[in-house]
Undergrad: 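This is the structure I want to talk about, given as structure tokens.
Counting convention: from 1, in listed order, for ligands and their atoms alike.
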Amino acid sequence: MNIIETNNLTKSYGDFQAVSEMNLHIKKGTVYGFLGPNGAGKSTAMKMLLGLTRPTSGSFTINGKKYPENRIAILKNIGSFIEGPAFYGNLTGEENLEIVQNILGLPHTSVLEALEMVGLTKTKKQLAKKYSLGMKQRLGLASALIGKPSILILDEPTNGLDPVGIHEIRSLIRSLPEKFDCTVLVSSHLLSEIELMADDIGILNQGRLLFEGTLDELEMKAVEMGYPTDNLEDTFLAIVDADNKKRGSLR
Ligand SMILES: Nc1ncnc2c1ncn2[C@@H]1O[C@H](COP(=O)(O)OP(=O)(O)O)[C@@H](O)[C@H]1O
Ligand SMILES: [Mg+2]
């Protein structure tokens with residue numbers, strides 16, 4: 001069953017289509033990797049799913065509920081992390097989460113659980129402004145998952161992290177469907193950052209979905225199309241490159 005489905009979802013800014021007739025199929029209980037180079041339209045698509053920006057045309061359904069009629073019901077079930085989450089630097093990590101806890105009407109144990117899940121228990125009394133980038137990303141993740149939402153939308157959560165930090169976040173994300181039965185939509189501009197955690201991937205370029213399926217299916221497509229397959233990052237880049245060449249003059 002698809003927990004998120006989009007139907008020709010489109011966002012235009014003037015003549016420019018940031019997201020173009022996109023049809024995503026995200027299965028319940030999976031990690032879906034949303035992959036595309038900078039400017040491909042990942043954040044714009046995610047913002048539409050979160051009701052942060054209005055589609056120009058097309059529609060989507062989340063948890064069987066259609067946007068925009070059920071906007072509030074849809075948002076109740078989603079935790080998110082979009083483009084560098086904002087915090088109060090003069091509050092501690094724990095205090096920042098307490099704000100989210102109070103908004104969502106959760107018990108204080110949820111704050112401690114969320115801190116534990118992202119590995120910030122020991123540093124929960126430090127001011128957020130003293131946190132390293134990796135710790136800030138983890139605090140952002142903690143505030144996204146504190147309410148145990150059925151869907152998590154994470155926009156480039158590994159951006160700017162070192163390999164150890166990437167590995168930690170990746171293991172955490174991978175464990176979430178099992179931990180509380182959630183579905184994760186996670187974006188990245190690097191295949192290597194999501195290939196080990198995603199069940200399915202969608203490859204986006206210039207606002208269009210070029211591929212959707214498993215990594216095995218991507219490899220099969222690459223063989224079929226004569227793209228390199230010894231390294232999937234190269235496969236991804238070759239697909240994007242071919243698409244750019246095909247449409248180069250259009251945009
Ligand atoms: N508010 C906006 N007004 C005009 N263009 C925008 C706006 N937001 C995004 N864009 C453009 O839409 C394209 C897709 O952006 P974005 O969704 O942020 O891509 P990604 O997250 O994949 O890097 C980019 O070319 C970007 O410049
Ligand atoms: Mg983005």
Undergrad: Quick one: name the protein N/O/S atoms under 2.8 Å from the Mg ion (ligand 2), chain by chain.
TA: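 S43 OG, with waters left out.
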
Undergrad: Nearest heavy atom to atom 17 (O) of ligand 1: which of T53, T44, L204 does it belong to?
TA: T44

Undergrad: Would you call D200 and K27 a salt bridge, using N to O less than 4.0 angstrom?
TA: yes

Undergrad: Working to the nearest 0.5 Å, report the span between CD1 of I62 and NZ of K65.
TA: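 Output value for this atom pair is 10.5 Å.
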
Undergrad: Say whether L237 and L204 are linked into one hydrophobic cluster, either directly or through other cluster members, by side-chain heavy-atom distances under 4.5 angstrom.
TA: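 Shared cluster, no.
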
Undergrad: I'd like to check whether A40 has a polar contact with ligand 1, where a contact means an N/O of the residue lying under 3.5 Å from an N/O of the ligand.
TA: yes

Undergrad: I want to know if ligand 1 touches N38 in the polar sense, i.e. an N/O pair below 3.5 angstrom.
TA: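 There is no such contact.
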
Undergrad: Give the atom numbers and elements of ligand 1 that come within less than 4.0 Å of a heavy atom of S43.
TA: 17 (O), 18 (O), 20 (P), 21 (O)

Undergrad: I want to confirm something. Looking only at heavy atoms, which of S12, G207, A18 is nearest to atom 12 (O) of ligand 1?
TA: A18

Undergrad: Under a 3.5 Å distance rule, please check whether T56 uses its side chain to pair with a backbone N or O of S12 as donor and acceptor.
TA: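 The answer is yes, because a donor-acceptor pair under 3.5 Å joins these two groups.
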
Undergrad: Atom CD1 of I103 and atom CD1 of I146: how far apart are they, to the nearest 0.5 Å?
TA: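 It is 10.0 Å, given to the nearest 0.5 Å.
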
Undergrad: Does at least one non-hydrogen atom of G41 fall below 4.0 angstrom from an atom of ligand 1?
TA: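 Contact present.
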
Undergrad: Under 3.5 Å, is there a donor-acceptor pair between the E212 and Y32 side chains?
TA: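 Yes, because at least one side-chain N or O of E212 sits under 3.5 Å from a partner of the opposite role on Y32.
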
Undergrad: If you measure only the distance, is there a donor-acceptor pair under 3.5 Å linking the side chains of N2 and K28?
TA: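 The answer is no; no qualifying pair exists.
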
Undergrad: Going by an N to O cut-off under 4.0 Å, is there a salt bridge joining D243 and R208?
TA: no

Undergrad: Is E193 paired with R170 through a side-chain N to carboxylate O contact shorter than 4.0 Å?
TA: no

